[in-house]
Amino acid sequence: MSDTSHIAVDAMEDFDDESADWDSWVEDGSGESAAEAVDLFSSSTFKSAQLALDHAKDHHSIDILKYASEHRLDQYDCIRLVNFIRKEVARGVMLNELPQSVESFASEEFFIPVLQDDALLQFDYESISLQNANIQDGGDNVSTELSNTENSSSMQREILQLRKELLSVKQAFLEYREMSEAALQLEGTSAAELRAETSEKNCSKSTSSASGEDDDIDVEVDDTDGYFRSYAHFGIHLTMLQDKVRTEGYRDAMYKNKDFFTGKTVLDVGCGTGILSMMAATAGAAKVFGVDNSSILHNAIGIITDNKLTDKISLIRGKIEEIELPVKKVDVIISEWMGYFLVFESMMDSVLVARDKWLRPGGAVYPDKCGMYVVALDDQPSHARRVQFWEDVYGFDMTSMKQHALWEADVVVIDNATVVSDPATLTVIDMMTATPNDIEFVAEFTLGAQRDCAVTGLCVYFDADFHKDLAVKTSFSTGPHVEPTHWRQTVFYFKDPQTLARGQNLKATMDAKRDKKNPRGWAITVTYKVEGADGPEITQKYSMA
């Protein structure tokens, strides 16, 4: 039996063990669980599913129970209907009425819960629907008679139990499949690639081995789904929102230029919790479209509703490369697209797609320019902890690990006292004219020592400018000379510290390219030499993956 079959069998056995609890699940005739129910149109919660349904009927004219009765919906239909409504609301659709045809939510995709532990999916719609239908039919329906007998009541419970079991097994399978595919991606391939290539590998393996070819297959990883899943977690949004330099930098650019934003149509690429969308609306934007492919968008719906900005902000879930906007052009694009080392795991490509597809001529992208800068460091304690540490580890020689420590760039907050040079520019990305290829760069630079020092590595950071067409021009920096940000700084340690006298120069070249095996990763090569010193140039390779 396959692993998937085990999942189903185990789930059935679990339900058998829990059958004693079924009477308590349906004891009030509605099948409500004790869990609080989340409103269909906001993040508000109610003590019961019935109260949530009453709220939807009284405040949004969405009467699911009446609709279920009129259309003879069974429990499955009602579950699909609830998920359909939640998906529509998450896409920014403001529902004023339910679909005229049940075909609108007949797809199997609507069996997949939008919210975990959704109390509205556990409500006994079918019994309530049948009762309402019996009343409308004059009370002579067979189910009315059945509900008055002990045997028929037992039969109803058994049918609902079986349906609950089947739904739970289906949900368990979907969760198992998602976890399996996530695990496969972490191993270096996607589930789709594995399914497509498994038979080919099995058939060709003996042939390639006989011909002397390497059995290992170099698979390029496209972990975009894993990338988006990472942004569904609460912690990452808390970290970004608590980053005052970042968040207030965007806020100041908009609030100090309300005359510019007033009446504008704004697109927020990667809107997350909706903070930048709400700032744009507060700054005077007439309409804001927030786009994100992470499930955090469900929370953003509630946040925007709670802040009474649903009239100005519409949210759309999907990849910017695949979705469509309800307008032909926008006036402004805002996005917090930057990553560590500016370009690592960044969304720059997505912003450029949005710019080329939807930005009107003469429009603006913010930030409009981002510059990368490099300084020399004399941080011998950090170098000792990270590099020299391996020479004596509790009495054992682990020098062979040095290369791994050097190979990985370090993302860390740097003490500005360890900076021993003025900054040099690596690259400046103009978001109004940049192409995807402009994200890669080769930069030659010279760093002059401000004092006698031993340079232990290079520190890279970036600045973001909000300048184009704005009366009040603002910027923020992620460098070691200002308040730390969640981006921190990126350090490339030298194998051995380089001794410089005050005024002496370190001449270097940095070559930064996308990692061919991981489109969001980077391969960086640094070549350096102390000016006037004996010996050849030193070349080191680094990775951010």
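The basis for the numbers below is simple: all heavy atoms, side chains too, and nothing from hydrogens, waters or symmetry mates. We're numbering straight along the sequence, starting at 1.
Panel note: side chain Lys308, backbone Thr305; no donor-acceptor pair is recorded below 3.5 Å. With hydrogens and angles ignored, the 3.5 Å screen pairs no side-chain donor or acceptor of Thr425 with any backbone N or O of Thr427. Of the possible polar contacts, none joining the Asp379 side chain to the Thr418 backbone as a donor-acceptor pair under 3.5 Å is found. Of the possible polar contacts, none joining the Asn505 side chain to the Lys507 backbone as a donor-acceptor pair under 3.5 Å is found. With Tyr366 contributing its side chain and Lys468 its backbone, the two residues share a donor-acceptor pair below 3.5 Å. In this structure a side-chain-to-backbone donor-acceptor pair under 3.5 Å is present from Thr478 to Phe462. At least one donor-acceptor pair closer than 3.5 Å links the side chain of Lys264 to the backbone N or O of Phe260. Between the side chain of Gln504 and the backbone N or O of Glu531 there is at least one donor-acceptor pair closer than 3.5 Å. At least one donor-acceptor pair closer than 3.5 Å links the side chain of Gln540 to the backbone N or O of Tyr493.
Electrostatic pairing of Arg360 and Asp331 counts as a salt bridge here, judged by a charged N lying under 4.0 Å from a carboxylate O. The pair Arg386-Asp410 counts as a salt bridge, with a side-chain nitrogen and a carboxylate oxygen less than 4.0 angstrom apart. With respect to Asp349 and Arg514, a salt bridge is recorded, a charged nitrogen being found less than 4.0 Å from a carboxylate O. The residues Arg451 and Asp378 are annotated as salt-bridged, a charged nitrogen and a carboxylate oxygen being separated by less than 4.0 angstrom.
Annotation: side chain of Lys495 is not in contact with side chain of Val387 (no heavy-atom distance under 4.5 Å). Using a 4.5 Å heavy-atom threshold, the side chains of Val530 and Thr499 count as separate. Looking at Asn257 and Lys473, their side chains never come closer than 4.5 Å, going by heavy atoms from C-beta outward.
Note on ring orientation: taking the six-membered ring where Trp is involved, the planes of Trp522 and Phe341 are perpendicular (angle over 60°, cut-offs 30° and 60°). Ring geometry, Phe476 versus Tyr250: the interplanar angle falls from 30° to 60°, so the pair is classed tilted.
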Problem set entry | Worked verdict on Glu109 versus Lys87 for salt bridge (charged side-chain N to carboxylate O under 4.0 Å, His left out) | CA-CA 11 Å; Glu109 70 174 285; Lys87 283 197 173 186; 3.4 Å; yes
Problem set entry | salt bridge (charged side-chain N to carboxylate O under 4.0 Å, His left out) assessment of Glu391 paired with Lys402 | CA-CA 8 Å; Glu391 295 174 1; Lys402 266 190 179 183; 2.5 Å; yes
For this session: Assess whether ring pair (Phe, Tyr, Trp, His ring centres under 6.0 Å) is satisfied between Tyr461 and His481, documenting all intermediate values.
Result: CA-CA 10 Å; Tyr461 63 92; His481 57 289; 5.6 Å; yes
Exercise. Passes salt bridge (charged side-chain N to carboxylate O under 4.0 Å, His left out), Lys244 versus Glu483? Steps please.
Worked result: CA-CA 9 Å; Lys244 293 181 63 176; Glu483 182 179 347; 5.6 Å; no
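Across every non-hydrogen atom of Glu324 and Trp358, the tightest pair is CA-CZ2, 4.2 Å. Closest of all the heavy-atom pairs between Gly371 and Tyr373 is O-CE1, 3.2 Å.
For the residue pair His467/Thr474, the side-chain donor-acceptor check at 3.5 Å is not satisfied. A donor-acceptor pair shorter than 3.5 Å can be found between the side chains of Thr399 and Asp397. Neither side chain, Thr527 nor Thr509, offers a donor N or O lying under 3.5 Å from an acceptor on the other. Inspection of the Ser43 and Asn299 side chains reveals no N or O donor paired with an N or O acceptor under 3.5 Å.
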Considering only distance and modelled atom types, tabulate donor-acceptor pairs under 3.5 Å from the side chains of residues 267-289, sequence neighbours left out.
{"from": "Asp268", "atom 1": "OD2", "to": "Ser277", "atom 2": "N", "distance (Å)": "3.3"}
{"from": "Asp268", "atom 1": "OD2", "to": "Ser277", "atom 2": "OG", "distance (Å)": "2.8"}
{"from": "Thr282", "atom 1": "OG1", "to": "Met278", "atom 2": "O", "distance (Å)": "2.8"}
{"from": "Lys287", "atom 1": "NZ", "to": "Ser314", "atom 2": "OG", "distance (Å)": "2.8"}

